[in-house]
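Just the heavy atoms: all of them, side chains too, but no hydrogens, waters or symmetry mates, feed the values below. Note on naming: letters A, B, ... go to the chains in the order of the sequence lines (proteins, then strands), and numbering restarts at 1 for each one.
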There are 2 protein chains.
Amino acid sequence: MMKQTLTISIQDYLKHIYELTDDGKPASTNALAERLKIKPASVTGMVQKLASAKPALVEYQKHQGVTLTKEGERAALEVIRHHRLLEAWLVQTLGYSWDEVHDEAERLEHVISEDFERRIAAAMGHPLRDPHGEPIPTADLKMPLEDSTPLSAFRPNQTGVVQSVKSADDDLLRYLEALGITPGAQFEVKDYSSYDHNLTMKIGKKTSVLGLNITSKIFVEES
Amino acid sequence: MMKQTLTISIQDYLKHIYELTDDGKPASTNALAERLKIKPASVTGMVQKLASAKPALVEYQKHQGVTLTKEGERAALEVIRHHRLLEAWLVQTLGYSWDEVHDEAERLEHVISEDFERRIAAAMGHPLRDPHGEPIPTADLKMPLEDSTPLSAFRPNQTGVVQSVKSADDDLLRYLEALGITPGAQFEVKDYSSYDHNLTMKIGKKTSVLGLNITSKIFVEES
DNA sequence: ATAATAATTTAGGTAAGACTAAATTATTAT
DNA sequence: ATAATAATTTAGTCTTACCTAAATTATTAT
Ligand SMILES: [Mn+2]
Ligand SMILES: [Mn+2]
Ligand SMILES: [Mn+2]
Ligand SMILES: [Mn+2]
């Protein structure tokens, strides 16, 4: 159980690898590069380093992409817990809106102490989700099981509740908020177009037509 | 008016140069190195860089030490404002004690946004001093004038009020708190020893004898 | 005024983490 | 099965910010 502090860069790599391997498949060099906004060549270099670190943080084989080791996953969950707790805290105590919190949390996540983490978690009563509806890893670094499907899989007459919005795009978040699409919102699917995959949805009194680009980022529970 | 973000290292150099030049005299290479906990040779290198930056951040001549330019001073005050607002914020909203806040603020000061700065300042009602009694630079980056003298200059029968404690040593801070020596505390000097410069002080019901090492770090106003 | 000492600077190196350009390997379409 | 294309890796640079060792300059004591 090594407690050596990982660099901010490494923390970001691990966090993004965690998110990219959510589907069980290894994260590709290019996908990681795009997420991290750096060049693929740089990713290869770092990934090789992480794979040969004292306790290896990732599993890596040339051209096969990367996955996290147990150690790497722990470190990733630590960063994700920081990030999501911070987002919740910024909203709850400083009046940030859900489209403003991500960038601030992105920088704070790497520098807060474990003590700070504990204090904000306790101050908020140990919240289970961040402002976007994403689950917050527990203090012992277990990621709560998710039970939600992408809205894009829904079809007319199905109803449900919005659980989370997986996006850090502040324009999109403001747009969705204006439509009433935020965690907890109830909706009914009214129409579906097989050509462009548009979904017509009723939320409250509003009816909105959403493209696949959006519906694939909204996760919901059927009801 | 350049808004290019300075590196964390540079921000720390400027902050420490500000504090070291408080007395009007330039900061020496060695003094800076000690504060920054790096080697003097490294300080020389950085200081040369800061002096020849696009808008120069410091004034520097070989063997003469450094002082801040207007630009450098602005940047230093920005960091110091962050630091002190953060310390106040940590105490007021998360229950930190005055001996716990410094290290946390030391890391956060470099990554919070101007928006975050504004929000915590407003949430606290724009406090004038940090938990150690140090003045917080205003939003337009003016350092409030200080009107306090070191306790070490006091002699028997003089009375006063503690204004600030200039120390980041958490052991010392806890010790002083136990003696009742915190900002706002009233005291009377009972005795002075010219041999060791010890001062015997009465604070509330407690009487304590403090050495020069401590009395030179406590700043007070006579009353 | 000199010599010893202290402070500072120069020179040369290292480690992180990025980049570009070129080479290699995989995948896809013909 | 080949050829074209896409993804990935290698090799070599660059910048930042440190370091050590050696040289230089300043200060202090004799
Ligand atoms: Mn986020
Ligand atoms: Mn980050
Ligand atoms: Mn402080
Ligand atoms: Mn700092």
Where each residue is assigned the nucleotide of DNA chain C containing its nearest heavy atom, which of B/Q61 and A/I10 is assigned the position nearer the 5′ end?
-> B/Q61
Whole-Å distance between D/dA26 C1' and B/K62 NZ?
-> 13 Å
Going from OG on A/S42 to OH on A/Y13, what distance comes out if it is rounded to the nearest 0.5 angstrom?
-> 6.0 Å
Would you say C/dA16 has OP1 or OP2 under 4.0 Å from some side-chain N or O of A/S9?
-> no
May I ask you to list the residues of residues 25-48 of chain B, by number, that have any heavy atom positioned under 4.0 Å from an atom of DNA chain C?
-> B/S28, B/T29, B/N30, B/P40, B/A41, B/T44, B/Q48
Examine C/dA18: is either OP1 or OP2 under 4.0 Å from a nitrogen or oxygen in the side chain of A/Y13? Give yes or no.
-> yes
Salt-bridged, B/R174 to B/D170, with N to O below 4.0 Å?
-> yes
Donor-acceptor pair, A/W98 side chain versus A/L173 backbone, under 3.5 Å?
-> yes
Paired with C/dT27: which nucleotide, if any, by Watson-Crick or G-U wobble criteria at under 3.5 Å for both distances?
-> D/dA4
In Watson-Crick or G-U wobble terms, with both distances under 3.5 Å, the base opposite D/dA11 is C/dT20
Nucleotide C/dT8, atom P - distance to CD of B/Q64 in whole Å | 10 Å
Check the distance between D/dC18's C1' and B/I8's CD1 and give it to me in whole angstrom.
-> 15 Å
Got a second to check how far B/R84's CZ is from B/L128's CG, nearest 0.5 Å?
-> 12.5 Å
Checking D/dT16, C/dA26, C/dA16 against the side chain of B/K49 (C-beta onward), the nearest is D/dT16
Does the side chain to side chain donor-acceptor pair (under 3.5 Å) test come out yes or no for B/E109 and B/H83, once each step is laid out?
-> CA-CA 5 Å; B/E109 66 188 6; B/H83 183 96; 2.8 Å; yes
Test B/R81 against every option in B/E114, B/E134, B/E117 by the salt bridge (Lys or Arg N to Asp or Glu O under 4.0 Å) rule and name the one that passes.
-> B/E117
